[in-house]
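These notes concern the structure reproduced below.
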Amino acid sequence: MLRSCLARLRTLGALRGPRGGARPPATDTGPALRLFSSEEVILKDYSVPNPSWSKDLRLLYDQYMKKCEDGSWKRLPSYRDVAHLDSKLIKEEQMPQARIFIRSYEDGLGFEFVMFHNDVEKKTVCLFQGGPYLQGLSGWLHGGAMATMIDITSGMAASIGERIVTANLNIDFKRPVPLYSVVVINSQLYKAEGRKLFVSCDVRSVDGKTLYAEATSLFVKLDPEKSST
Ligand SMILES: CCCCC/C=C\C/C=C\CCCCCCCC(=O)SCCNC(=O)CCNC(=O)[C@H](O)C(C)(C)COP(=O)(O)OP(=O)(O)OC[C@H]1O[C@@H](n2cnc3c(N)ncnc32)[C@H](O)[C@@H]1OP(=O)(O)O
């Protein structure tokens with residue numbers, strides 16, 4: 001299994017280090033992801049500007065990167081292939097196919113986003129530009145695509161690095177979101193009660209004047225004593 005994962009990562013050009021050749025330049029994403037003791041695996045981080053990003057998205061990205069300078073906010077890196085590496089739920093031969101679906105589109109066609117997290121304030125902000133493959137009604141973003149981004153942004157506000165699942169997600173869609181436009185998704189953990197984490201969220205236009213959606217959600221930390229299947 002390990003061998004097939006490594007082969008897959010090599011194909012993707014993600015492996016660097018002792019056997020993988022030169023390491024790419026350091027980014028602000030923190031230390032390289034070390035998955036195996038003998039090899040260092042660096043996965044491509046997609047939460048950085050690419051040519052499909054609109055001026056709005058770039059400007060907001062720059063603003064939030066400034067907020068990161070004093071350490072209060074952190075940019076969250078985002079990968080395509082990391083989630084399946086330790087999964088015991090799918091067969092070994094299925095693993096090379098598995099991808100985080102929001103990172104499965106070519107640049108600009110699907111979910112272009114970057115998230116920033118403030119650990120003290122328990123807030124996560126996502127700057128999101130929905131591409132043409134996310135169309136619902138003509139010219140508008142599909143609500144399911146919006147719901148996905150609300151879910152993940154809220155999940156990041158609830159907890160980073162812990163095994164949590166969405167137990168409940170309520171969304172009021174207030175205005176349709178035009179395709180290609182940039183929206184700002186603001187989420188905040190407002191209550192933690194045992195394994196339960198409660199998050200509120202809103203989605204607004206870049207100038208903050210249009211409210212596109214409001215949501216509340218409940219995330220539950222997985223109980224290691226219980227089986228998830
Ligand atoms: C694209 C992904 C990016 C990947 C990045 C990688 C890492 C980042 C790390 C974190 C970011 C997370 C982002 C998450 C977003 C994506 C999340 C998902 O898609 S998860 C998939 C969808 N959800 C599920 O499949 C969940 C299915 N349900 C369950 O597994 C279980 O029901 C459970 C929620 C785990 C709860 O079961 P369990 O037996 O463990 O506990 P209890 O039933 O006893 O419940 C505990 C507690 O919670 C209350 N509860 C449970 N469900 C609900 C509900 N629907 N509404 C209200 N309350 C609920 C329950 O009453 C108990 O409360 P109490 O203790 O007070 O009695």
Side-chain angles (χ1 to χ4, degrees), residues 14 16 23-34 42-80 82 100 102-103 105-131 134 141 145-146 148-162 174-175 177-190 192 197 199-215 217 219:
R16 296 287 186 277
R23 193 185 295 198
T27 65
D28 59 325
T29 57
L33 193 64
R34 189 181 287 277
I42 298 178
L43 297 164
K44 180 175 171 187
D45 178 3
Y46 287 86
S47 280
V48 289
N50 70 51
S52 78
W53 282 27
S54 66
K55 197 176 160 198
D56 279 347
L57 188 52
R58 281 165 190 274
L59 282 172
L60 278 171
Y61 175 84
D62 290 344
Q63 283 171 19
Y64 273 90
M65 288 305 286
K66 279 243 170 317
K67 291 188 184 198
C68 292
E69 283 171 8
D70 66 4
S72 56
W73 286 82
K74 283 198 165 46
R75 187 183 69 87
L76 300 177
S78 159
Y79 310 103
R80 227 175 223 177
V82 70
I100 292 175
I102 51 172
R103 288 299 186 195
Y105 297 86
E106 295 308 314
D107 286 355
L109 297 179
F111 300 85
E112 289 298 334
F113 68 92
V114 54
M115 290 189 197
F116 294 88
H117 182 73
N118 184 316
D119 200 42
V120 174
E121 294 179 15
K122 303 294 176 209
K123 283 182 181 171
T124 300
V125 170
C126 176
L127 314 176
F128 169 46
Q129 173 184 301
L134 306 183
L141 185 76
M146 196 67 255
T148 295
M149 294 312 295
I150 290 172
D151 181 29
I152 296 168
T153 308
S154 299
M156 293 295 182
S159 169
I160 291 178
E162 282 188 283
K174 304 277 192 185
R175 292 276 178 278
V177 176
L179 220 51
Y180 293 105
S181 66
V182 176
V183 296
V184 180
I185 307 171
N186 279 288
S187 63
Q188 167 132 47
L189 174 71
Y190 65 91
L197 304 162
V199 178
S200 61
C201 182
D202 67 37
V203 182
R204 291 183 177 273
S205 54
V206 170
D207 64 9
K209 287 183 183 160
T210 307
L211 175 64
Y212 289 116
E214 282 179 315
S217 47
F219 294 85

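- Qualifying side chain to side chain contact (heavy atoms under 4.5 Å, CB included) partners for Asp56, counting only residues two or more places apart in sequence or in other chains: Ser54, Val182, Val206.
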Could you walk me through whether Val203 and Lys174 pass side-chain contact (heavy atoms from CB on, under 4.5 Å), step by step?
CA-CA 9 Å; Val203 182; Lys174 304 277 192 185; over 6 Å; no
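- Every residue was checked against the side chain to side chain contact (heavy atoms under 4.5 Å, CB included) condition with Asp62, not counting sequence neighbours, and none meets it.
- Judged purely by distance below 3.5 Å, without hydrogens or angles, the side chains of Arg103 and Ser78 pair a donor atom with an acceptor atom.
- Here the side chain of Arg75 pairs no donor or acceptor atom with the backbone of Cys68 at under 3.5 angstrom.
- Within the model, atoms OG of Ser187 and CD1 of Ile152 stand 11.5 Å from one another, a figure rounded to the nearest 0.5 Å.
- Leu189 pairs by the side chain to side chain contact (heavy atoms under 4.5 Å, CB included) definition with Lys122, Leu197, Val199, not counting sequence neighbours.
- Between atom CD of residue Glu214 and atom CZ of residue Arg204 there is a gap of 7.0 Å, rounded to the nearest 0.5 Å.
- Asp151 CG to Ile185 CD1: the interatomic distance, rounded to the nearest 0.5 Å, is 10.5 Å.
- With Arg58 contributing its side chain and Asn50 its backbone, the two residues share a donor-acceptor pair below 3.5 Å.
- To the nearest 0.5 angstrom, Ser200 atom OG is 6.0 Å from Gln188 atom CD.
- Between Phe128 and Phe111, the ring planes lie parallel to each other; the angle is under 30°, not in the 30° to 60° tilted range.
- With rounding to the nearest 0.5 Å, the separation of CZ in Phe116 from CG in Leu76 is 8.5 Å.
- Phe113 is listed as a side-chain neighbour of Ile102, based on a closest heavy-atom distance under 4.5 Å.
- In this structure Tyr46 satisfies the ring pair (Phe, Tyr, Trp, His ring centres under 6.0 Å) test with no other residue, sequence neighbours excluded.
- Lys123 is linked by a side-chain hydrogen bond (donor to acceptor under 3.5 Å, both in side chains) to Glu121, counting only residues two or more places apart in sequence or in another chain.
- Side-chain atoms of Glu112 and Trp53 form a donor-acceptor pair, as typed in the model, at a separation below 3.5 Å.
- For the atom pair Tyr105 OH and Ser52 OG, the distance stands at 14.0 Å (nearest 0.5 Å).
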Which pairs would a plain distance check flag for residues 153-160, meaning a side-chain donor or acceptor within less than 3.5 Å of a matching protein atom at least two apart in sequence or in another chain?
unit_1: Thr153; atom_1: OG1; unit_2: Met149; atom_2: O; d: 2.6
unit_1: Ser154; atom_1: OG; unit_2: Ile150; atom_2: O; d: 2.8
unit_1: Ser159; atom_1: OG; unit_2: Glu162; atom_2: OE1; d: 3.1

